[in-house]
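Below you'll find the structure, written out as structure tokens, and then a few comments.
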Amino acid sequence: MFSKEKLEYRQLPLPDRQKLSDAEMLKRVEDFRDFMAQRHTVRDYSTRPVAREVIEACVAAAGTAPSGANHQPWHFVAISDPAIKRQIREAAEEEERKFYDGGASDEWIKALEPIGTNADKPHLEDAPWLIVVFAQRYGLFDDGTRYKNYYVPESVGIATGMLLTALHTAGLVTLTHTPNPMKFLGDLLDRPESEKATMIIAVGHAAENATVPAVAKMKKPLDEILTVR
């Protein structure tokens, strides 16, 4: 993306500007808040397919996220191939069994009880798409030499949040999954050494009998997450 010979600061007039009244701002963001409150993490998926173009548009939206030095240190691998999804499920479940069979502390396991999770991950095959999020430790100039990326976890986290929002906007449901360790994903998906897998996102339409844990609807009130000074 970057040319070592063309690293320069150049200003452009602000290309996009919104002019809203205070009332319009409040209405818009309240509508958005209510819409996002309808986003749910779902483990039960229908067989209804999702067009590749929808996934591509969602990832393109995520790619507009801000990042340290604008290095955009992320890469997304979207998978619909059943054989690859099967391999991911098998490898993820192997790590999950270790987690639930003593790899995690009793406190951690107890914290997960209201969510109802276990080592079984059928959603990794049932969902029509899996999106694996990779963080790039470093980038490459056009001549192949390395450059350092900055604020990588923060940047990738912002982009991932925007991806989840885009997928919800498309009418899709998701499940974020973080098997630990995740090195198998880089090997399986043939990603370079510079990249580290951070998350698997299952994407699709909710099954007719889909459920969510009751605790998932319990969100902290505003006065617990906001301080105004």
Side-chain angles (χ1 to χ4, degrees), residues 29-48 50 58 62 76 79 85-135 153-154 156-185 196-227:
V29 76
E30 285 180 338
D31 288 346
F32 179 73
R33 175 202 61 201
D34 294 344
F35 172 69
M36 290 308 296
Q38 299 171 19
R39 189 207 62 79
H40 300 295
T41 296
V42 173
R43 289 176 170 78
D44 308 302
Y45 290 84
S46 79
T47 58
R48 179 182 169 188
V50 176
C58 291
F76 303 91
I79 304 137
K85 289 194 294 179
R86 177 68 182 176
Q87 288 178 284
I88 290 175
R89 178 184 177 180
E90 290 174 349
E93 287 184 337
E94 182 178 346
E95 299 299 341
E96 290 293 290
R97 283 191 290 272
K98 297 175 186 175
F99 175 87
Y100 284 98
D101 291 342
S105 67
D106 291 342
E107 182 181 21
W108 196 349
I109 296 296
K110 187 70 175 176
L112 290 171
E113 283 184 7
I115 306 297
T117 60
N118 56 40
D120 227 9
K121 306 298 177 185
H123 58 269
L124 295 176
E125 280 191 277
D126 296 343
W129 288 92
L130 301 179
I131 301 176
V132 181
V133 183
F134 286 90
E154 296 86 348
V156 175
I158 295 168
T160 301
M162 291 180 62
L163 175 59
L164 293 171
T165 302
L167 292 165
H168 176 55
T169 301
L172 300 170
V173 296
T174 57
L175 176 81
T176 55
H177 180 50
T178 51
N180 185 25
M182 286 190 274
K183 187 178 184 301
F184 70 89
L185 289 165
K196 177 183 178 181
T198 65
M199 186 177 298
I200 306 170
I201 304 173
V203 181
H205 295 280
E208 289 297 324
N209 62 345
T211 63
V212 297
V215 70
K217 295 301 295 178
M218 299 169 59
K219 303 300 183 183
K220 291 181 179 180
L222 185 62
D223 62 1
E224 288 189 22
I225 65 172
L226 173 66
T227 298

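Just so it is clear, the model here is predicted, and its values are computed rather than measured. All values below come from the heavy atoms of this structure, side chains included, with hydrogens, waters and symmetry mates left out.
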Taking atom [atom1] of [X] as the centre, does the number of heavy atoms from other residues, nucleotides or ligands within less than 6.0 Å exceed 12?
{"X": "Glu107", "atom1": "CD", "value": "no"}
{"X": "Arg48", "atom1": "CZ", "value": "no"}
{"X": "Glu208", "atom1": "CD", "value": "no"}
{"X": "Asp106", "atom1": "CG", "value": "no"}

Distance from [X] atom [atom1] to [Y] atom [atom2], nearest 0.5 Å?
{"X": "Lys220", "Y": "Ile225", "atom1": "NZ", "atom2": "CD1", "answer": "8.5 Å"}
{"X": "Arg43", "Y": "Asp126", "atom1": "CZ", "atom2": "CG", "answer": "13.0 Å"}
{"X": "Asp44", "Y": "His123", "atom1": "CG", "atom2": "NE2", "answer": "10.0 Å"}
{"X": "Arg86", "Y": "Ile88", "atom1": "CZ", "atom2": "CD1", "answer": "12.5 Å"}
{"X": "Leu164", "Y": "Met199", "atom1": "CG", "atom2": "CE", "answer": "7.0 Å"}
{"X": "Leu167", "Y": "Ile131", "atom1": "CG", "atom2": "CD1", "answer": "5.0 Å"}

Look only at the side chain of [X] and the backbone of [Y], and say whether a donor-acceptor pair between them is shorter than 3.5 Å.
{"X": "Lys217", "Y": "Val212", "result": "no"}
{"X": "His40", "Y": "Ala216", "result": "no"}
{"X": "Lys121", "Y": "Asn118", "result": "yes"}

Could you go step by step and tell me if Asp120 and Arg89 meet the side-chain contact (heavy atoms from CB on, under 4.5 Å) rule?
CA-CA 9 Å; Asp120 227 9; Arg89 178 184 177 180; 3.7 Å; yes

Less than 4.5 Å apart, any side-chain heavy atom of [X] and any of [Y]?
{"X": "Ile109", "Y": "Phe99", "value": "yes"}
{"X": "Ile201", "Y": "Thr160", "value": "yes"}
{"X": "Lys110", "Y": "Ser105", "value": "no"}
{"X": "Pro181", "Y": "Glu95", "value": "yes"}
{"X": "His168", "Y": "Phe35", "value": "yes"}
{"X": "Ile200", "Y": "Leu124", "value": "yes"}
{"X": "Lys196", "Y": "Met182", "value": "no"}
{"X": "Trp129", "Y": "Leu172", "value": "no"}

For the residue pair [X] and [Y], what are the closest heavy atoms and their distance?
{"X": "Val203", "Y": "Pro128", "answer": "O-CD, 3.2 Å"}
{"X": "Ala111", "Y": "Pro114", "answer": "O-CD, 3.3 Å"}
{"X": "Ala210", "Y": "Val42", "answer": "CB-CG1, 4.1 Å"}
{"X": "Ala62", "Y": "Leu163", "answer": "CB-CB, 3.7 Å"}
{"X": "Phe134", "Y": "Val132", "answer": "CE1-CG1, 3.4 Å"}
{"X": "Ala135", "Y": "Val156", "answer": "CB-CG2, 3.8 Å"}

